[in-house]
Amino acid sequence: MEKILVIHGPNLNLLGTREPSIYGRLSLAKINQMLKTQARLAKVNLVIKQSNHEGQLVDLIGQARKKKFQGILINPAAYTHTSVALRDAVAACGLSLVEVHLSNIYAREEFRHKSLISPVASGTILGFGAKSYTLGLAALLDIIRLK
């Protein structure tokens with residue numbers, strides 16, 4: 001059974017109440033439930049983490065291979081555009097990784113148009129709201145299972 005690490009970045013714990021016109025009305029708990037249902041059907045073990053702290057996210061990625069994960073699904077949130085440390089952790093981890101975003105970052109403010117993570121990710125899915133996560137998990141499983 002594949003083991004996947006799901007990482008939610010800063011402020012995603014506020015989903016459902018934070019700018020619902022941009023991020024939707026689903027809570028992070030509801031998104032996690034959607035992922036768990038999908039994982040159960042796909043016979044995949046998910047470990048889901050959320051942190052507002054860059055160093056904790058870097059540590060999670062850095063320890064993923066040692067903890068026997070086959071892949072990572074991540075919404076780096078604001079760190080997408082600012083964190084060289086997160087980018088370097090992704091590049092160094094050696095695992096398949098899919099980056100997801102609820103909103104279309106290219107239809108938003110100019111500073112959000114640059115992802116430091118995308119160039120070192122296996123792929124990026126964005127702009128489909130909570131569905132970005134389920135599409136991302138499906139894509140990650142395809143990548144892992146086709147290796």
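In what follows, residues are counted from 1 in the order of the sequence shown.
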TODO: Report the hydrophobic cluster partners of I105, with the cluster defined as I, L, V, M, F, W, Y residues connected by side-chain heavy atoms closer than 4.5 angstrom, directly or transitively.
DONE: Y106, L126
TODO: Kindly give the heavy-atom pair with the smallest separation between A77 and G9, and that separation in Å.
DONE: CB-C, 4.1 Å
- [ ] Under the side-chain contact (heavy atoms from CB on, under 4.5 Å) rule, collect the residues that match up with Q56, sequence neighbours excluded.
- [x] S51, H53
Task: Pair S115, E99: side-chain N/O donor-acceptor within cut-off below 3.5 Å - done: yes
Task: Gap separating the CD1 atom of I117 from the OG1 atom of T124, nearest 0.5 angstrom - done: 9.0 Å
- [ ] Output, in order, the C-alpha distance, side-chain angles, deciding distance and verdict of side chain to side chain contact (heavy atoms under 4.5 Å, CB included) for L95 and I61.
- [x] CA-CA 9 Å; L95 295 175; I61 294 166; over 6 Å; no
- [ ] Among residues two or more places apart or on two chains, list those pairs meeting side chain to side chain donor-acceptor pair (under 3.5 Å) that have a residue in residues 80-94.
- [x] E54-S83
Task: K68 backbone acceptor or donor facing Q70 side chain under 3.5 Å - done: yes
Task: Hydrophobic cluster identity match, I48 and L60, side-chain contacts under 4.5 Å - done: no
Task: K131 NZ to L102 CG distance, which is reported to the nearest 0.5 Å - done: 13.5 Å
TODO: Taking only Lys NZ, Arg NE, NH1 and NH2, and the carboxylate oxygens of Asp or Glu, determine whether E2 and R145 approach each other closer than 4.0 Å.
DONE: yes
Task: Interatomic spacing from CG in L14 to OG in S27 - rounded to 0.5 Å - done: 11.5 Å
- [ ] Considering non-hydrogen atoms only, spot the tightest contact between S103 and R108 and give its length.
- [x] OG-NH1, 3.1 Å
TODO: Locate the shortest heavy-atom distance separating P76 from H101; write the atom from each residue and the value.
DONE: CD-CE1, 3.9 Å
Open item on the list: When you group the ILVMFWY residues by side-chain heavy-atom contacts below 4.5 Å and let the links chain together, are I4 and I74 in the same group?
Closed with: no
- [ ] For K114, enumerate each residue passing the side-chain contact (heavy atoms from CB on, under 4.5 Å) test, keeping only those at least two apart in sequence or located in another chain.
- [x] L116
- [ ] Hey, could you give me the CG/CD1 distance between L73 and I7, rounded to the nearest 0.5 Å?
- [x] 9.0 Å
Open item on the list: Hydrophobic clustering (ILVMFWY, side-chain heavy atoms < 4.5 Å, transitive) - are V100 and L86 grouped together?
Closed with: no
Task: R25 side-chain N/O to G16 backbone N/O, donor-acceptor pair under 3.5 Å - done: no
Open item on the list: My understanding is that only one of V98, L140, L97 makes a side-chain contact (heavy atoms from CB on, under 4.5 Å) with I72; could you say which?
Closed with: L97
Task: Counterpart residues, side-chain contact (heavy atoms from CB on, under 4.5 Å), relative to A130 (two or more places apart) - done: L26, I31, M34
Task: N11 side, atom CG; Y79 side, atom OH - distance, nearest 0.5 Å - done: 8.5 Å
- [ ] Could you tell me whether K3 atom NZ has more than 12 heavy atoms of other residues or ligands within 6.0 Å of it?
- [x] yes
Open item on the list: For the CG atom of D142 and the OG atom of S122, what is their distance to the nearest 0.5 Å?
Closed with: 12.0 Å
TODO: Taking all heavy atoms of A39 and all of L137, pick out the closest pair and write down the distance.
DONE: N-CD2, 4.4 Å
- [ ] Please identify each residue that fulfils side-chain contact (heavy atoms from CB on, under 4.5 Å) with Q50, with sequence neighbours left out.
- [x] H8, N13, L28, N52
